[in-house]
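Below: the structure, in structure tokens.
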Amino acid sequence: MPHTDAAAVALARDGDSEAFRALVERHSCAVYRLAHRMTGNPQDAEDVVQETFLKAYRQLGRFESRANFGTWLHRIAVNCSIDLIRGRKHQETGHDASDLDTLHKHDDPVDPSPERLMLSTEVQEQVTRAMDGLTHMERAAFVLRHFEGQSIDDISRALGLKANAAKHSIFRAVRKMRLALEPFVETEP
Amino acid sequence: MTTNLHLQDDDLVLHYYGEMGRAEEARAESHLEACRECRENYARLQRVMAFVDSAPAVDAPAGFERTAWARLEPALHAPGRGGFFSSLSSPAYLALAAGTILLVGAAFIAGRLMPRTPVGTQTDGQAAEKVRERILLVDLGEHLDRSQMVLVELVSAGEDKGDVDISTERVRAEQLVAANRLYRQTAMSTGDAAVASVLDDLERVLVDVAASPSTVSQEELDSVRRRIESKELLFKVRVVSSQVRERQKAEIKERTSVGS
């Protein structure tokens, strides 16, 4: 197995499938984490991983050997996630801020004590729950802005939205996240 | 927004992400210095964002690197393998099938059809589309039959003690993964949730088998069998397969009655 990504890419370009396998094995989990964050479900995340590596394989010839393979792959994965989300635009299943409150009332009561939240899995669960309340577009816009650090202009181009629509997707997403998570971060009076 | 008016929640979001213009930014800064209420509101926003940042991303399932490769590998190298079924998972076939299936819609998968156009009024494009639909019905039928064969062989393999050679099933599973994925995505994108769910269960078993070594222990084989049986996978695949066959028969009957 080649020790570096650059060596693996060079071999994979020459048709060495074991070298490409090494790249898949090194990077697939990181791509999955990004894709899961963007799409919000395991099945879509797996599909994004598949598409990402297929695209990367086909475009290996275009990869600049001085660049970082992980960063390049990350960009492809973001684009694949966006393609999937744009394809689902008509199947939005998120909830309005107005009904998020109602949704949470129906959920099992959760004890937001600091002891529980000390566990990162508990934090992850609450954030996942909050993000599940976002529409596909709100989620994508929020992830691109918050985790990927993209500007609103870049997000609007990536998602095919007008700048104002992208901005409002982020506003709605943040509003929903605050509504869902503020009870867990309130400081003692 | 003015210096005297309170900052709205949305203004605070723009401020947090550094998305305000220079003049607005300066006004926001100076308002936050002067207004305790807005400062507290901004602190709440910052705490929520810090909380979001502290949540680890969801990890891939254990062994994902292996299954990711098992899914991917057939799509990368199918053309070199030869044989009818390898052509079903070749990139060229998949690209053609993806385009065609998405055009036709997955209604045919569940045996539901779009409204019929009287044959006499069909355009060339509609006729060509129907031909493609027929071809894909045949392909899907073949895919489900071959998948059933793999499942049956796995369920009935290795009754004796000791390790079991599943190399044949492994190679077949590997060849089926890419096509299955495409059919599943199509079913999902057209809202055929029941069919998508069967194909998803099928794909998970196929991926696991494709990623297995050629020889497995009885315990490992039993675990695969339990998965097949607990999901009633064989039965469900048979049901979908039979729906596809019925649809094919209806197509043939329709063509015959039109031709006579």
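Chain naming here is simple, since letters A, B, ... match the order of the sequence lines and numbering starts at 1 in each.
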Using every non-hydrogen atom in the two residues, find where A:Gln50 and B:Ala75 come nearest and quote the distance to one decimal. NE2-CB, 4.3 Å
Is there a donor-acceptor contact under 3.5 Å from the side chain of B:Glu19 to the main chain of A:Ser151? no
Here the gap from A:Phe53 atom CZ to B:Glu73 atom CD, rounded to the nearest 0.5 Å, amounts to 14.5 Å
Taking the side chain as every heavy atom from C-beta outward, state whether B:Leu72 and A:Phe20 have any atom pair closer than 4.5 Å. yes
I need the minimum non-hydrogen distance between B:Trp69 and A:Ser17, along with the two atoms involved. CH2-O, 3.6 Å
Which region of A:Leu34, side chain (C-beta onward) or backbone (N, CA, C, O), has a non-hydrogen atom less than 4.5 Å from a non-hydrogen atom of chain B, or is it both or neither? neither
Engaged part of A:His27 at the chain B interface, taking heavy atoms whose separation is under 4.5 Å: neither
Would one find more than 12 heavy atoms of other residues, nucleotides or ligands at under 6.0 Å from atom CD of B:Glu40? yes
Sort out for me which of A:Asp47, A:Leu54, A:Val31, A:Ile170 touches chain B most, counting heavy-atom pairs under 4.5 Å. A:Asp47
Below 4.5 Å from any heavy atom of chain B, which atoms of A:Glu51 appear? Answer side chain, backbone, both or neither. both
Can B:Asp59 and A:His36 be counted as having a side-chain donor-acceptor contact under 3.5 angstrom? no
side-chain contact (heavy atoms from CB on, under 4.5 Å) for A:Val185 and B:Arg44? Distances and angles first, verdict last. CA-CA 8 Å; A:Val185 297; B:Arg44 281 196 295 276; over 6 Å; no
Walk me through it: do A:His168 and B:Asp10 pass the test side chain to side chain donor-acceptor pair (under 3.5 Å)? CA-CA 9 Å; A:His168 281 279; B:Asp10 294 347; 5.0 Å; no
Which is it for B:Arg184 and A:Gln43 under the side-chain contact (heavy atoms from CB on, under 4.5 Å) test, yes or no, and what are the steps along the way? CA-CA 11 Å; B:Arg184 171 179 59 76; A:Gln43 202 172 63; 3.6 Å; yes
With a 3.5 Å distance limit and no angle check, can you tell me whether A:Glu25 reaches the backbone of B:Glu65 through a side-chain donor-acceptor pair? no
Are there more than 12 heavy atoms of other residues, nucleotides or ligands under 6.0 Å from atom NZ of B:Lys231? no
Does a side-chain N-to-carboxylate-O contact under 4.0 Å join B:Arg181 and A:Glu46? no
For B:Val52, is it the side chain, the backbone, both, or neither that has a heavy atom closer than 4.5 Å to a heavy atom of chain A? both
Measure distances from A:Arg37 to the heavy atoms of chain B and classify the residue's part below 4.5 Å as side chain, backbone, both or neither. side chain
Nearest non-hydrogen partners of A:Ser28 and B:Phe64, listed with the distance: O-CE2, 3.6 Å
Where does the angle between the aromatic ring planes of B:Tyr17 and A:His146 fall among parallel (under 30°), tilted (30 to 60°) and perpendicular (over 60°)? perpendicular
Note: vs chain B, highest number of non-hydrogen pairs under 4.5 angstrom among A:Arg26, A:Arg178, A:Glu182 is A:Arg178
Rounded to the nearest 0.5 angstrom, the CG-CZ distance for B:Asp11 and A:Phe171 is 7.0 Å
Can you tell which part of A:Phe147 gets under 4.5 Å to a heavy atom of chain B, answering side chain, backbone, both or neither? side chain
Please determine, among B:Asp9, B:Thr67, B:Leu14, the option with the most heavy-atom pairs under 4.5 Å with chain A. B:Leu14
